[in-house]
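Structure, as structure tokens:
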Amino acid sequence: MRPVALTVAGSDSGGGAGVQADLKTFEACGAFGTSALTAVTAQNTTGVTHSAVLDPETVRAQYDAVVSDFDVAAAKTGMLGGADVVEEVADAIAAADFPVVVDPVVVAQSGDRLLTERGVDAVRDDLLPEAALATPNVPEAELLAGVEIEDEADLRAAAEAVRDLGPDAVLLTGGHLDGNPVDVYAGETTRAFSRERVDTDDTHGSGCTLSAAIAARLAAGDDPERAVERGVDATASAIESDLSLGAGSGPVDHAAIADGRRAVPDGSRAPESDDATDAIEAVRDVAAVLEREWPPELVPEVGTNVAVAPADATAPEDVVAVDGRLHATKRGVRAVGGVAPGASSHVARFLLGVRERDPRVSAAGNVRWSREREAALRERWDVERIDRTDEPADADGTMDWSAREAMAGRERAPDAVVDRGAVGKEAMIRVVAADADALLEKLSEVASLERDADVV
């Protein structure tokens, strides 16, 4: 059975945004798409030439027709067109037994408001409190929450400010700011997703695509944070495509989502291997558990990373890890970015170096060092120690020096490698394992030592 997703939004005759984009995205993400139109627009890549908002009764009739017959697993809202429609949709989804993603379309790309003051108030007061997730962009967050956003710190504060308006979680997209885009998620955890900016004007419909991809993943059963992560990845794939249509700002490529393609250095596309896909899922699972359960005291000052090497990995760019690492915050352990190949340098090189001597190893992570923690692990594990003061200045990066030292005279990798650091190099415990499940088991054992014996 395919999960059913519902979009409540306006129509785009150019096919790049609105209901058309939502239905394409649902299909690309494996969901069966249904719809309730709120408005009809005449538009193309150069602009909108005409629009007509449907009456609230017609919108509600479409919504009721869908939910009375289909087992809707998630929904999203987009352009609603007027205050009366906003209020009607808010009333409808208040009784929904499925999560709803609210894309608060209140500001046009030109900066013009798409709703009257009463309509904006209805979004703020009636619609957002019913949302499982809201996905405003910078101008929308500024208008709805009454804040100013100029940098990443402002993004984080603004995401929380929008969340205070009632949605369970918020994904604030930062593409309107200068520099590489950063999106901030605020829910049970707070995370930032950063990527290199793609040099393209063909981003029409990217906001619709993002919210629809997240809704599709929620319909498939993902938890909100996982759905957001996958939605961000899907939208990036759609933007990175070389599709170019129309005389103006062209649409993103929804087919690129379904293709399972990813960018490669020469700008072309290559299929992601099954091993790489499995590694991405494995790292996401481990990171999610660490965010829920790991004591912040275990995170080194430079952060913790979790790395998994697919079977054919030969270089750090092949190894999957957490972009920006996991860090200790006041709200617990939090990942800075998403999960992707090439997201780690140090842990990836160490892992590959160990695996050159012991091919049974495919996962590694790092833990904050202390004498007590080292002693406790030595009683339970096979632990090797290295001295970074011996590391030559010209140590090569092909087989990481610390891995070479740890594996000297060994055929089988130890459970952990203790590195007591040196000037400018933080002390560290690097944990290695056969796979992600075994790594998570070891990291959980380290956490249990903290709880049971108060190791600091």
For a quick check under 3.5 Å, do [X] and [Y] share a side-chain donor-acceptor pair by atom type?
X	Y	value
Asp435	Ser362	no
Gln62	Ser35	no
Thr189	Glu225	yes
Thr45	His204	no

Discussion item. Measuring only between side-chain heavy atoms, which start at C-beta, is Glu229 closer than 4.5 Å to Arg191?
Written reply: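 The answer is yes; the side chains approach within 4.5 Å.
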
Fill in: Side chain proximity check, Thr304 to Val367, heavy atoms < 4.5 angstrom
no

Practice prompt. Begin from the C-alpha positions of His50 and Gln43 and carry the test side chain to side chain contact (heavy atoms under 4.5 Å, CB included) through to its verdict.
Written response: CA-CA 7 Å; His50 185 77; Gln43 64 175 292; over 6 Å; no

Which atom pair, heavy atoms only, marks the closest approach of [X] to [Y]?
X	Y	answer
Ala321	Ala343	O-CB, 3.4 Å
Gly231	Ala213	CA-CB, 3.9 Å
Ala141	Val162	CB-CG2, 4.0 Å

Discussion item. For Leu80, run the side chain to side chain contact (heavy atoms under 4.5 Å, CB included) check against Val8, Val106, Val105 and tell me which one passes.
Written reply: Val8

Worksheet item: Per the side chain to side chain contact (heavy atoms under 4.5 Å, CB included) rule, which among Val101, Leu171, Leu133 passes with Ser211?
Response: Val101

Item to complete: Could you label the plane-to-plane angle of the Tyr63 and Phe98 rings as parallel, tilted or perpendicular, counting under 30° as parallel and over 60° as perpendicular?
Response: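 It falls in the tilted class, 30° to 60°.
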
Discussion item. I'd like to know whether Thr58 forms a side chain to side chain donor-acceptor pair (under 3.5 Å) with Asp55, so could you lay out the CA-CA distance, the side-chain angles of the two residues, the decisive distance to 0.1 Å, and finally the verdict.
Written reply: CA-CA 6 Å; Thr58 301; Asp55 61 83; 2.8 Å; yes

Practice prompt. Identify whether NZ of Lys or CZ of Arg in Arg430 sits under 6.0 Å from the centre of the six-membered ring of Phe350 and within 45° of that ring's axis.
Written response: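 Checked: cation-pi criterion met.
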
